[in-house]
Amino acid sequence: MAKGPNAFRTISEAAEELGVPQHVLRFWETKFSFIRPMKRAGGRRFYRPQDIAVLSGVRALLHAEGYTIKGVQKLHREQGLTHVIAAGLGDNGSAALGGLTDASAADSFPRGELGKEARDRLVIALDDLQVVKARLDGLLRGL
């Protein structure tokens with residue numbers, strides 16, 4: 001039975017979905033501070049849908065666009081997580097971002113009060129909450 005689109009992925013499932021070896025995902029975690037899968041007891045990683053979107057963007061930037069690791073780090077620092085995610089979505093990335101990351105919410109934060117990394121963390125938290133809300137809505141419909 002296949003997992004649903006909002007289901008968490010193990011590292012092996014994420015690696016298969018992205019077409020990269022598991023050790024590459026672990027390596028990217030060490031190089032990109034914005035890649036933070038959930039870790040359970042024993043250090044087992046679980047990737048949320050937005051984690052997969054971020055990893056897809058990193059893979060596209062590194063493999064398809066020819067960016068270096070430092071180049072992706074700079075892109076993230078200067079343009080934010082939404083641009084990394086958009087790279088993994090292709091040409092219509094900004095239109096498709098609504099379902100993965102609320103780019104307009106990230107841009108609506110006052111720039112002087114929150115740093116880019118704090119805004120990115122808030123966007124990820126918002127995505128997590130939207131996934132939980134969707135699951136709760138599904139459960140309520142089943143009652």
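Small disclaimer: the values here were computed from a predicted structure and weren't measured.
- Expressed to the nearest 0.5 Å, how far CD of Q73 lies from CZ of R77 amounts to 7.0 Å.
- The CG atom of L61 sits 10.5 Å away from the OG1 atom of T68 when rounded to the nearest 0.5 Å.
- Distance check, rounded to the nearest 0.5 Å: CH2 of W28 to CZ of R59 gives 7.0 Å.
- Distance NZ/K31 to CG/L62: 12.0 Å, rounded to 0.5 Å.
- Atom CD1 of I124 and atom CG of L129 lie 12.0 Å apart (nearest 0.5 Å).
- Heavy atoms from other residues, nucleotides or ligands lying under 6.0 Å from CZ of F8 number more than 12.
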Only pairs under 3.5 Å count here: list side-chain donor-acceptor contacts from residues 13-22, not counting sequence neighbours, and write none if there are none.
unit_1, atom_1, unit_2, atom_2, d
E13, OE1, K3, NZ, 2.8
E13, OE1, T10, N, 2.9
E13, OE1, T10, OG1, 3.4
E13, OE2, K3, NZ, 3.4
E17, OE1, R9, NE, 3.0
Q22, OE1, R26, NH2, 3.3

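- Checking each of T30, V58, V84 against I35 for a side chain to side chain contact (heavy atoms under 4.5 Å, CB included) leaves exactly one that passes, namely V58.
- The aromatic rings of F34 and F32 sit tilted relative to each other, their planes meeting at an angle between 30° and 60°.
- Follow the hydrophobic side-chain contacts under 4.5 Å out from V24 and you never reach F46; the two are in separate clusters.
- The hydrophobic cluster containing L55 does not contain M38, counting ILVMFWY residues as joined when their side-chain heavy atoms lie under 4.5 angstrom apart, directly or transitively.
- Summarising the geometry of G88 relative to A60, their closest heavy-atom pair is CA-CB, 4.1 Å, with the distance given to 0.1 Å.
- A salt bridge (Lys or Arg N to Asp or Glu O under 4.0 Å) check over residues 32-44, counting only residues at least two apart or in different chains, returns the pairs E29-K39.
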